[in-house]
Amino acid sequence: MRQALVGMLLLFGLFASPRAEAYTWMIRHGYSSCAACHADPSGSGLLTAYGRAQSELLLAATYGKKKEEVSPSTGPIFGAVTPPDWLQLGLSFRGGALVNQAGAADPVVRPVQMASDIRAQATFGQFRANASLGFALRRARLAALTPTEANNLVSRDHWLGWDNENQTLLVRAGRINLPFGLRNVEHTAWVRERTRTDTNEHQQYGVAVAYNGEGFRGELMGIAGTFLLNPDVYRERGYSGYVEWSPRTNLALGVSSLATRAAYDVDTRQPDFWRQAHGVFGRWAVGGPVVLLGEADLLVNSAREQGMGLGYTGLLQADVEPVQGLHVILSGEALRTVGGVGTNVGGSVGLAFVFLPQVELRVDGVARRLATDTGGTNTLSILSQLHLSL
Amino acid sequence: MSSKILLTMMVLLSTPVLAQVERSGAASATFSGKGPAGFKLEGKTEEVSLLDDGKKVVISVQLATLKTGIDLRDRHMREKYLEVDKFPQAVLEVLWTAIQLPADGQTSTQTVPGKMSLHGKTRDVSVTYTLKRVGEAYEAIGKLPLNLKDFDIILPNYLGVTVKPDIETLTSFQFKKK
């Protein structure tokens, strides 16, 4: 019975759609900057009209055919909606099935619904208003507008922004993705999870200034906290930012830094908690079908009743696209938590297929060894997901 | 001194630069353009030809072979903007008298005037080149900023992303003196 359930869920994952998010490997096509394709200048989320076209031209499988023109179906909801020029709309769904096994325990199988969000941006001259609204069966509590344990309305980001005339500078205020490191889709990767900079739920309120110029880009955000989190003692205040340099169109190298303080940390339950992460990251289109992505971060935590502790985390990923639309993703990661007993290591193999424009199917197998006092625990996860970015 | 002798001396003295040249090895011509929010566009071709009539060197680039990495964009570039059916080449002419060839083992960099023909228009331009000589072989790299408006080329625009009129071009090739 369990095997049948696993099979059904995996099939659901296989025939569900993956979400078009931030694809750091777009540097393969000479796109070291994200701002032409995404409303967020540092990548991820709502696509611009230009970004929608690229998803058909560069991301989706071509099945050997040459595109004469971009299909009208790249418009919102497969082209069913034609918004006015000042309005950008998007619908994002990401869901599937997760099989998880830890140690000798029986595998746990459950459906996952990571995102089902409506996204919109209205642009009036040099001003923009951007927001998303979605539904989360579970998790994403930090983005929840409603206070229940599950089945919440969520708004991962909502902000007001002003562009300069050349659109090299964007000043934003609101709930914003934290600018830090690689804006990769794997929100459970340790480099995202442990720095709390994923795009799933770790956005924060604040003011951010983003720059996208020739060969350089960066964003610095003053963090005012997560106002969806109460009471105020849990809210982090500080900054997060990165600077990235692209000496060539196929190479980008960056540094990131984040430092926040919370009167009481919501995760570790420690008072007067300082959290820092500082690191380097890079993207390199090696040539042919291979793109290498890497990030290494130093983790520094301290609290009133605990001295400063150090940890680190890193990710090295190779994205191989033998034919357009088909990706083999090989990843290795490491994590030493602050105060942890050893180094956790992990490796994963992923297979993603963008079989239609803005429709992606992805399966990942992730093996991790988590260090413990008694040696370690092995975990194995298989995640199949369908991602739609309509 | 008779005029014939004077003419003969002038020809002999100018022999190094009047010598016919021929391309050798690889060549490439690239352009890079910019757009809003850090957008960058690059195109490249290896179809570069070199002619020498004794007075000037003529460098021609076959525009139909420029590739930017996206087939549809290439087609738009060829058909809507460069109109390669009517104007298949970009041609740069530089007088030999303006060019200083370096001695063996030396490298020289110079900015010289030239004439650029593109999209049916010919404009005076300034080319900055670097020449490196190894024996009888020369490696040349030339940079030439262009403004698309100067050549009546419509500014490329696609779904809200407009390329700025100022673009950079870079051409490199090797040649030998005959």
Side-chain angles (χ1 to χ4, degrees), chain A residues 26-43 47-54 56-59 62 65-71 74-75 85-86 88 123 126 163-170 210-218 244 246 248-250 252 285 324, chain B residues 26 28-46 64-85 128 141 143-149 154-172:
Chain A
M26 281 297 282
I27 197 167
R28 167 183 289 127
H29 301 290
Y31 289 109
S32 55
S33 168
C34 309
C37 294
H38 288 278
D40 186 320
S42 294
L47 290 167
T48 63
Y50 185 85
R52 284 180 173 278
Q54 301 316 304
E56 179 175 350
L57 296 172
L58 299 177
L59 268 64
T62 61
K65 293 179 182 171
K66 197 173 257 189
K67 282 284 172 194
E68 290 299 316
E69 281 298 339
V70 171
S71 163
T74 57
D85 287 346
W86 56 268
Q88 289 165 346
T123 304
Q126 292 173 237
D163 289 283
N164 69 342
E165 204 166 341
N166 287 334
Q167 294 181 301
T168 52
L169 207 62
L170 172 63
Y211 174 76
N212 275 277
E214 187 180 355
F216 277 98
R217 67 177 192 133
E244 190 183 57
S246 300
R248 303 197 304 261
T249 53
N250 68 337
Q324 185 170 320
Chain B
S28 70
T30 63
F31 75 88
S32 63
K34 295 173 230 167
F39 175 83
K40 197 172 180 184
L41 164 71
E42 285 194 353
K44 183 176 181 180
T45 179
E46 295 178 354
T65 61
L66 276 171
K67 299 278 187 192
T68 68
I70 303 176
D71 289 340
L72 181 60
R73 185 162 66 187
D74 293 344
R75 190 160 68 79
H76 289 167
M77 178 177 64
R78 288 193 303 266
E79 296 177 2
K80 290 174 68 177
Y81 305 112
L82 296 178
E83 301 182 277
V84 297
D85 284 348
T128 299
I141 299 174
K143 290 182 180 177
L144 173 58
L146 296 174
N147 186 301
L148 297 178
K149 289 180 177 176
I154 301 167
L155 294 186
N157 178 295
Y158 189 64
L159 295 171
V161 175
T162 304
V163 177
K164 293 175 181 173
D166 290 311
I167 64 167
E168 296 288 334
T169 70
L170 190 145
T171 304
S172 64

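Hydrogens, waters and symmetry mates play no part in the numbers below; they use all other heavy atoms, side chains included. Order of the sequence lines sets the chain letters (A, B, ...), proteins ahead of strands, with each chain counted from 1.
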Enquirer: Check this for me: B:L155, atom CG, are more than 12 non-hydrogen atoms of other residues, nucleotides or ligands nearer than 6.0 Å?
Expert: yes
Enquirer: Report the C-alpha distance between B:H76 and A:E69 in whole Å, list the side-chain angles of each, state the deciding distance to 0.1 Å, and finish with yes or no for side chain to side chain contact (heavy atoms under 4.5 Å, CB included).
Expert: CA-CA 10 Å; B:H76 289 167; A:E69 281 298 339; 2.8 Å; yes
Enquirer: Could you walk me through whether A:E214 and B:K34 satisfy the salt bridge (Lys or Arg N to Asp or Glu O under 4.0 Å) test, starting with their C-alpha distance in whole Å, then the side-chain angles of each, then the deciding distance to 0.1 Å, before giving a yes or no?
Expert: CA-CA 8 Å; A:E214 187 180 355; B:K34 295 173 230 167; 2.9 Å; yes
Enquirer: Show the nearest heavy-atom pair for residues B:G38 and A:S33, with the distance to one decimal.
Expert: O-CB, 3.9 Å
Enquirer: Report which part of A:Y31 has an atom under 4.5 Å of a heavy atom belonging to chain B: side chain, backbone, both, or neither.
Expert: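 A:Y31 touches chain B through side-chain heavy atoms alone.
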Enquirer: Hey, which of A:L58, A:T48, A:N212 has the most heavy atom pairs under 4.5 Å with chain B?
Expert: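 Winner by heavy-atom pair count: A:N212.
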Enquirer: I need the residue from B:K164, B:E42, B:K40 with the largest number of non-hydrogen atom pairs under 4.5 Å to chain A.
Expert: B:E42
Enquirer: Using 0.5 Å steps for rounding, measure from the CG atom of B:D71 to the NZ atom of A:K65.
Expert: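 Here the interatomic distance stands at 15.5 Å.
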Enquirer: Rounded to the nearest 0.5 Å, how far apart are CZ of B:F39 and OG of A:S32?
Expert: 11.0 Å
Enquirer: Pick from B:G69, B:P36, B:G160, B:S32: which one has the most heavy-atom pairs with chain A under 4.5 Å?
Expert: B:P36
Enquirer: Could you please spell out the steps behind the side chain to side chain contact (heavy atoms under 4.5 Å, CB included) verdict for A:Q54 and B:R73?
Expert: CA-CA 10 Å; A:Q54 301 316 304; B:R73 185 162 66 187; 5.6 Å; no
Enquirer: Please lay out, stage by stage, how A:H29 and B:I70 fare under the test side chain to side chain contact (heavy atoms under 4.5 Å, CB included).
Expert: CA-CA 8 Å; A:H29 301 290; B:I70 303 176; 5.9 Å; no
Enquirer: How far apart are the closest heavy atoms of B:L159 and A:A53, and which atoms are they?
Expert: CD1-CB, 3.3 Å
